[in-house]
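In what follows, a structure is listed as C-alpha cells, so that the remarks can point back to it.
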Amino acid sequence: MSNPILETRNLTKIYGQNIIFKDINLKVNEGETIVIIGPSGTGKSTLLRCINLLTANEGGQVFLDGQEITAKNYNEDKVRQQIGMVFQNFLLFNHLTALDNVMIGLLKVKKMSKEQARQKAMEELKRVGLEDRASHYPGQLSGGQQQRVAIARALAMDPRVMLFDEPTSALDPELIGEVLGVMAQLARDHMTMLVVTHEMGFAREVADRIVFMEKGSIVEEGTPDELFYHPKNERTREFLWKITELYGKKEKEQSATA
Amino acid sequence: MNIKRIVVLLSLIVAASLVLSACGGGATAANHLEAVKQAGVIKVGTSADYPPFESVDASGNKVGFDIDLMAEIAKRLGVKLEWVDMPFDSLIAAVQEGKLDASISAFNYDADRDEKIDFSDAYYTSEDAFTVADGFTGEIVNPEDVADLKVCVQTGTTQDSWLTDNLVATGKLPEENLFRYDRVDQAMLDLKNGRVDVMMSDYVPAKALADQLGGLRIVYQGVLSSGPMNIVIPNGDAELQQAINEIIKQLQDEGFIDNLAVKYFAE
Amino acid sequence: MFSTFFSYIIQGTAITIAVTLVALPFGLMLGLAMALIHTYGGNILNRIAAAFSLLLRGVPPIVLLFILYFMLSSKSFNLSPFWAGSFSLGIVSSAYQMEILRGALLAVGNGQMTAARAVGMSRVQAVQHIILPQALRLAIPPWSNEVSIVLKDSSLVYALGVPEILRRAQQLSATTQQPFLAYGTAALIYFVLVFATNRALDYLSERTKLPTHS
C-alpha cells in the first residue's frame, strides 16, 4: 500500500479546559472519499480546520504528501492552496460575482493572468453546472447554487485534498441533492475527499470509508458495509440506528457481533 | 487599489506640504527686526471685527484706524505688510508663540499682559464709556454707580479686568450681573434689547456703534481702564520695539495720527 | 452693498471645503490604519489603538486645534493656520472614523476571513481583497454622518484666523450690524453643503449596493 496522501498522527485539540479531540490518527489514501460521522460537537469540524491549519493544534502532526505541514515555519498559505475547503455556510465572497469568486484565488494567490484565470474559472463553474450564473452575485443565488460555486472556488485551486464541513446542513431539503450530486461526481473522478456530514445516504453510497467519531476520539472506522451492517461497537450501532431512523429509512440490522 | 501604495503616497504628500509650509524664515538674522527686514514682510495680527479701528468693507478689504496706521509703519520700516486676521482672544497667544511678528487691535496697555508680551509706546489714547439704551432711567454719575445694574463687557478687554477687579472682587457688583460677550456688537444688541442695563467699553467704538444702531447713548466718558493704545510685540524684542516707537513718534509729530483720528472718529 | 458682502462670505466656502477636503481623507487614512491595527493587531497594538481612540474622542476638537497650532508648531516646524486646523480636525475625525470602520470590519464577519484563508490568501491579502471592499460598503451610511460633522466642525478653524465662512460672517456682522443676516447666510451655506454631500453619499450607497434576489 502506497503512502497516504493525508495523515494525522496523535492530533490533539484543547480549547481552554475542554479537550475537543485527542490523539486522532487518520490515514487518507489518494482518491479515497472518507466520510466522518458522529454526534454534533464532537470536534469533527475542528478536525478539518486543524488539517488545513485554519486552527492551531495542541499536539500531534499532520502530513500532506509525506511532508509535515504542522512543522514550525511551514508556509500555511501554501498549504491551503493544496487543501480545498467547503463550508457549511458557503462563505462566498459577497461583493464578487460567481465567476470572480472562483477567479480571485487564481489571480491573487496563484498569480495567473486574467485570461488564464477566467478560462479556468469558467471550466470549474461548468463542472458544477453553473456556467450560466457566472455574472450573478451570491445574493442572487439559491443556497444550493452558492454551495456549488463554493465547491468550484475550492476546486479551481487544483487541491490535492478537498475538505467538506457539513456542506448540506444549511440547505433546504430540495437543494441538498444538487450539491451531493456534484460531490458524488467528484468522488467518481477520484478526488481525495474528507467529508463531515449527516447525510447517511451519501455516506453509504459514495464513501470508501466511514469514520465514526464521538467524544473526541475515533470510535470505529471501516467500509460502509462494515459500519452499517456489522458495526463492531455498540455506540456505532446505536448512533447509526438512531440516525437512519430519523432520516426515514428503517433498517434494523441484526447484531451480528457478540 | 493597493492600499499600501495609497497610504505611502498620501503620507508623502502630507510630509511634503509640512516641509513646504515650514520654509521661510532664515535663521541667519541676528534678531527679530533683522529677520523681518530680511524676509521683507511683517506679519501683523488683528481682529477685523471692531470698527472703526479694524473691520472689513463690502469687498472684504480691511479698513480702519489701526489698519491705516500699521500700513504706514510697515512702509517706514521698509517691509511689506501681511495681515493675519484672528479672533481677538487668539492674538496675544499668536504673538507669544511667534506666529505673528506683531499685533495691532486696539490693545490697551495691561500690566498682566505685559508679562507675556511687550507693548510699543501709545499711538493713541482712548477713553472708556458707559453706554445705555434710550429707555434707561437710572443715573450714572460715578463709575461705581453701575454696580447696582446689569453690566455687560467684552471678554478679555481692559474694561473686563477693571469691572472684575474693582466691582466684582470687592463685592459691589454681584458676579451674575456681569455679562461677558465675545464681541462688542453682540453686547450692544443685548443692551438695546434691554437684556442688560449698561455697557462698558472703549469710547470710540461705542460711539460708532451707538450712532450706527441708534437708540443708545453714552452717559459717561473718561479714562478708567483704557487709556493708551499700543501695538503688541513679542516679549523682550527691544529692537522691534525701538523701531516702532521711533516711527510712532514721527507720525505723531507729523500730525499723521491726528488726521487718522479725524478720518475715523469724527463726531 | 449686500451682494458684495454675500460674495465675501460665499468666498469663504472654498476655504471651508478645502479644510474639509484635507481633514476627511487624512482622518480616513489614519482611522483606517488604526481600525486595522485594532482589529488585526496583537494584544498590545490593540490596546494602543483603543487608547488613541478614547483620548481623541474625549477632547473637544477646538482644544486640540489650539494645542496643535499654538503649542506644537514653532518657528522651525511652522504650520500655517490652515494646515494646523485641517490636520487637527483630521486627527480628531480619525478617532471617530476608526470606530465606524471597526464596526464595519466586524460586521463583515469572521467567515469571510476564514474563506479567504482557505483559498490560500494571506491575512493581508484577505483584508485587502475580501474584507475591506465589503467593510467600506457597509461603512458608507455612518461615514456620511461623519462627513457632515467634519464639514460643520471646519468652522472651528475660525479661531486660528482661517478666513472661512464663520470668520467672514463675524466680520460682516461687525461691519454691517446685521448679525442675523450675516450668520443666517453662513448657516444657509453650511446647510446646503451638508445636504448636498449627504445626498451624494446616499446615492453612492445605492450604487454600490450588492444585488440580491430580484
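Keep in mind that what you see is a predicted model, and the values were worked out from it rather than measured. To find a chain, count down the sequence lines: A is the first, B the second, and so on, and within it residues start at 1.
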Can you list the residues of residues 104-111 of chain C that sit under 4.5 Å from chain B, counting heavy atoms only? none
Residue by residue, scan residues 167-175 of chain C and write down, ordered by number, those that have a heavy-atom distance under 4.5 Å to chain B; if none do, write 'none'.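 Listed by number, the contacting residues are C/Arg167, C/Gln170, C/Gln171, C/Leu172, C/Ser173, C/Ala174, C/Thr175.
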Using non-hydrogen atoms only, which part of C/Pro179 is less than 4.5 Å away from chain B: side chain, backbone, both, or neither?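 Only the side chain of C/Pro179 comes within 4.5 Å of chain B.
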Out of B/Asp89, B/Leu213, B/Asp85, which one racks up the most heavy-atom pairs below 4.5 Å with chain C?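 Of the candidates given, the most pairs with chain C belong to B/Asp85.
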Among B/Gly45, B/Pro51, B/Ser55, B/Ala48, which has the most heavy-atom pairs under 4.5 Å with chain C? B/Ala48
Is it the backbone or the side chain of [X] that comes under 4.5 Å from a heavy atom of chain C, or both, or neither?
X: B/Leu189; answer: side chain
X: B/Val84; answer: neither
X: B/Asp57; answer: backbone

More than 12 heavy atoms of other residues, nucleotides or ligands under 6.0 Å from CZ of B/Arg217: is that the case?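 Result for CZ/B/Arg217: enclosed.
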Enclosure of B/Arg195 CZ (heavy-atom neighbours >12, cutoff 6.0 Å): no
Sort and list the pairs that fulfil salt bridge (Lys or Arg N to Asp or Glu O under 4.0 Å) and have at least one residue in residues 3-22 of chain C, not counting sequence neighbours. none
Donor-acceptor contacts under 3.5 Å from residues 58-67 of chain B side chains, at least two apart:
from    : atom 1 : to       : atom 2 : distance (Å)
B/Asp66 : OD1    : B/Tyr123 : OH     : 2.9
B/Asp66 : OD2    : B/Ala106 : N      : 2.9

Shortest non-hydrogen separation from C/Ala159 to B/Ser90 and the atoms involved: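 Taking C/Ala159 first and B/Ser90 second, the nearest heavy atoms are O-OG, 2.8 Å.
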